[in-house]
Amino acid sequence: MKFVFKTKKLRRRAEAAAFGAAEAARAGAERAGQSAENAVTRVKLSRAIRDLQEEIQLQMQTVGELIYATHRGTPSDSDDVQEVLEYVDGLYEELEGHQRQLKLLQGELLCAACGAENEGGNVYCHNCGQPLSRA
């Protein structure tokens, strides 16, 4: 009778251990999946950043050509220059947003109080001293 009791107890322990191992494996797979998803997102952001930088460069070249044409005696419409520059402003805003998002994925923290970028290991903002949130 005592032997049967010990067998049941051992079986329960084995089941609990198996459940714990399965849970650990599931959590590990979830972390690996999240890590892979973050890597894909970082690559996509890096590509978008590069594309935006190239587009900004092309648009600034256009501005330079319009201004040079004016210098050479073929006046360009200032509205054309203004339109291109406003487009470039929008590209820069989008670029800054992508760069900030990439930094967050790479572990940098933004201070909710002052907006300063902080390294992932910081507990307090290096700029204003406020506690940093990891959420």
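Start at 1 with the first residue, then count along the sequence.
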K.L.:
Is a side-chain donor-acceptor pair under 3.5 Å present for Gln59 with Glu55?
P.N.:
yes
K.L.:
Within the structure provided, determine whether Glu54 and Arg50 are in side-chain contact (heavy-atom separation under 4.5 Å).
P.N.:
yes
K.L.:
Would you indicate whether the side-chain heavy atoms of Glu117 and Leu110 approach each other to under 4.5 Å?
P.N.:
yes
K.L.:
If you measure from CG on Asp77 to CG on Leu66, what distance do you get to the nearest 0.5 Å?
P.N.:
9.5 Å
K.L.:
Test side chain to side chain donor-acceptor pair (under 3.5 Å) on Glu65 and Gln61; report intermediate values, then the result.
P.N.:
CA-CA 6 Å; Glu65 290 170 358; Gln61 182 178 348; 3.3 Å; yes
K.L.:
To the closest 0.5 Å, what do you measure between CG (Leu45) and CG (Asn38)?
P.N.:
10.5 Å
K.L.:
Are Glu23 and Arg26 ion-paired here, with the side-chain N under 4.0 Å from a carboxylate O?
P.N.:
yes
K.L.:
Considering all heavy atoms of both residues, which atom of Gly115 and which atom of Arg100 are nearest to each other, and what is their separation?
P.N.:
O-NH2, 4.1 Å
K.L.:
Check for me, please, whether Val63 and Tyr68 land in the same ILVMFWY cluster - side-chain distances under 4.5 Å, paths through other members count.
P.N.:
no
K.L.:
If you look at every heavy atom in Cys111 and Leu132, which pair is closest and at what distance?
P.N.:
CA-CD2, 3.7 Å
K.L.:
Can you see which heavy atom on Ile56 is nearest to which on Val88, and at what distance?
P.N.:
CG2-CG1, 4.3 Å
K.L.:
For the residue pair Leu109 and Glu119, what are the closest heavy atoms and their distance?
P.N.:
CD1-O, 4.1 Å
K.L.:
Less than 4.5 Å apart, any side-chain heavy atom of Ser76 and any of Ile67?
P.N.:
no
K.L.:
Does atom CD of Glu83 have more than 12 heavy-atom neighbours from other groups under 6.0 Å away?
P.N.:
no
K.L.:
Indicate, with yes or no, if Val81 and Tyr92 share a hydrophobic cluster defined by side-chain heavy-atom contacts under 4.5 Å among Ile, Leu, Val, Met, Phe, Trp and Tyr.
P.N.:
yes
K.L.:
Taking atom CD of Glu108 and atom CG of Asn122, what is their separation to the nearest 0.5 Å?
P.N.:
9.5 Å
K.L.:
Assigning hydrophobic clusters by single linkage (Ile, Leu, Val, Met, Phe, Trp, Tyr; side-chain heavy-atom cutoff under 4.5 Å), is Leu58 placed with Met60?
P.N.:
no
K.L.:
Just wondering, do Arg11 and Lys8 contact through their side chains at under 4.5 Å, heavy atoms?
P.N.:
yes
K.L.:
What's the spacing between Ile49 CD1 and Glu94 CD if we round to 0.5 Å?
P.N.:
10.5 Å
K.L.:
Are more than 12 heavy atoms from other residues, nucleotides or ligands located less than 6.0 Å from atom CD of Gln53?
P.N.:
yes
K.L.:
Hey, quick one: are Leu52 and Leu105 part of the same hydrophobic cluster, counting side-chain heavy atoms closer than 4.5 Å, chains of contacts allowed?
P.N.:
yes
K.L.:
For Leu102 and Ser46, work out which heavy atoms get closest and say how close.
P.N.:
CD2-OG, 3.8 Å
